[in-house]
Amino acid sequence: PWKVFGDKVQAIRHVFTPSISLSYRPDFSTPEYGFYETYSYRDEYGKDMVYTYSPYSSMMFGTAPSGKSGSLGFDFKNNLEMKVRSDKDSTGVRKVSLIDDLGINFSYNMMADSMKWSMINSNIRLKLSKSYTLSLNATWDPYLYELDENNNPRKVDKLRILNGKGFGKLYSTGTSFSYSVNQDTFKKLFGKEDEDDGK
């Protein structure tokens, strides 16, 4: 059934792993928690002002954040690998990783007044061999941008996908390349051990 991949392919397996998380944080700036204090004063223009501060802000661990939030997090991971015939392996088959990890994650802040959706993060990791791994990641902005009165672009509370502009605009990208080193690597680089000496 997998002739398109050659006669050696035994099977192809795709693993999809969805994950949903829920988090909530109360507003620690309210008086009931005691993390923030306020005092009133009159400025140089005679206007009454109210200043809010935290006596813990200058301490080692800082203070509790202000503002409440309640968000849903979505994380989707994929893995794709195949089994091929191999004469070198004792089992007769060998696993080959086609896509080691392909993921996307984002969140929705139910407590926010606007811009409730977060940036969309995506990544892919490819194992080119046992030693070489290539990782790519990208961040996407789900919101539209419009020109303000000064002709400067600004983000507006309009989702791109609901306005026929795709799911997101590319915001940033990153690439990393890793190489694994073990004792077999050094044997290949500096020569095999001398079997006659037993060293």
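Reckoned from all heavy atoms, side chains included, excluding hydrogens, waters and symmetry mates.
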TODO: Following the transitive rule for hydrophobic clusters with a side-chain heavy-atom cut-off under 4.5 Å over Ile, Leu, Val, Met, Phe, Trp and Tyr, establish whether Phe28 and Tyr51 coincide in one cluster.
DONE: no
Open item on the list: Would you compute the distance between atom NZ of Lys68 and atom CG of Asn109 and round it to the nearest 0.5 angstrom?
Closed with: 10.5 Å
Task: For Glu37, salt bridge (Lys or Arg N to Asp or Glu O under 4.0 Å) partners two or more places apart - done: none
Task: Stepwise side chain to side chain contact (heavy atoms under 4.5 Å, CB included) test for Asp141 and Lys155 - done: CA-CA 10 Å; Asp141 193 339; Lys155 188 187 293 190; 3.1 Å; yes
TODO: Group every Ile, Leu, Val, Met, Phe, Trp and Tyr by side-chain heavy-atom contacts under 4.5 Å, then state whether Ile161 and Met115 land in the same group.
DONE: yes
TODO: Apply salt bridge (Lys or Arg N to Asp or Glu O under 4.0 Å) to Arg154 and Asp148, showing your working.
DONE: CA-CA 7 Å; Arg154 65 181 180 87; Asp148 59 14; 5.1 Å; no
Task: Within one Ile-Leu-Val-Met-Phe-Trp-Tyr cluster: Ile20 and Ile120, side-chain cutoff 4.5 Å - done: yes
- [ ] Could you state whether Leu126 and Phe177 fall into the same hydrophobic cluster, counting links through intermediate Ile, Leu, Val, Met, Phe, Trp or Tyr residues with side-chain heavy atoms under 4.5 angstrom apart?
- [x] yes
Task: Test item: side-chain donor near acceptor, Asn78 and His14, under 3.5 Å - done: yes
Task: Residues, nucleotides or ligands: over 12 heavy atoms within 6.0 Å of Asp113 CG - done: no
Task: OG1-NZ distance between Thr139 and Lys169, expressed to the nearest 0.5 angstrom - done: 14.0 Å
Open item on the list: Nearest 0.5 Å, please: how far is NZ in Lys77 from CD1 in Ile104?
Closed with: 11.5 Å
Task: Spacing of CE belonging to Met119 relative to OG belonging to Ser172, to within rounding of 0.5 Å - done: 7.5 Å
Task: Spacing of Asn105 atom CG and Asn121 atom CG [to the nearest 0.5 Å] - done: 4.5 Å
Open item on the list: Can a side-chain donor-acceptor contact be found between Asp101 and Asn123 if the only test is distance below 3.5 angstrom?
Closed with: yes
Task: Contact list for residues 134-163, test ring-ring contact (aromatic ring centres under 6.0 Å, His included), sequence neighbours left out - done: Trp140-Phe167
Open item on the list: Whether the Ser23 and Ser71 side chains hold a donor-acceptor pair (N or O, under 3.5 Å, no angle test) is what I'd like checked.
Closed with: yes
- [ ] Just say parallel, tilted or perpendicular for the rings of Phe106 and Phe76, cut-offs at 30° and 60°.
- [x] tilted
TODO: Mind checking the OG-OH spacing from Ser118 to Tyr108? Nearest 0.5 Å is all I need.
DONE: 12.0 Å
Task: same_hphob_cluster(Leu128, Tyr179) at 4.5 Å side-chain heavy-atom cutoff - done: yes
Task: Heavy atoms from other residues, nucleotides or ligands near NZ of Lys127 exceed 12 (cutoff 6.0 Å) - done: no
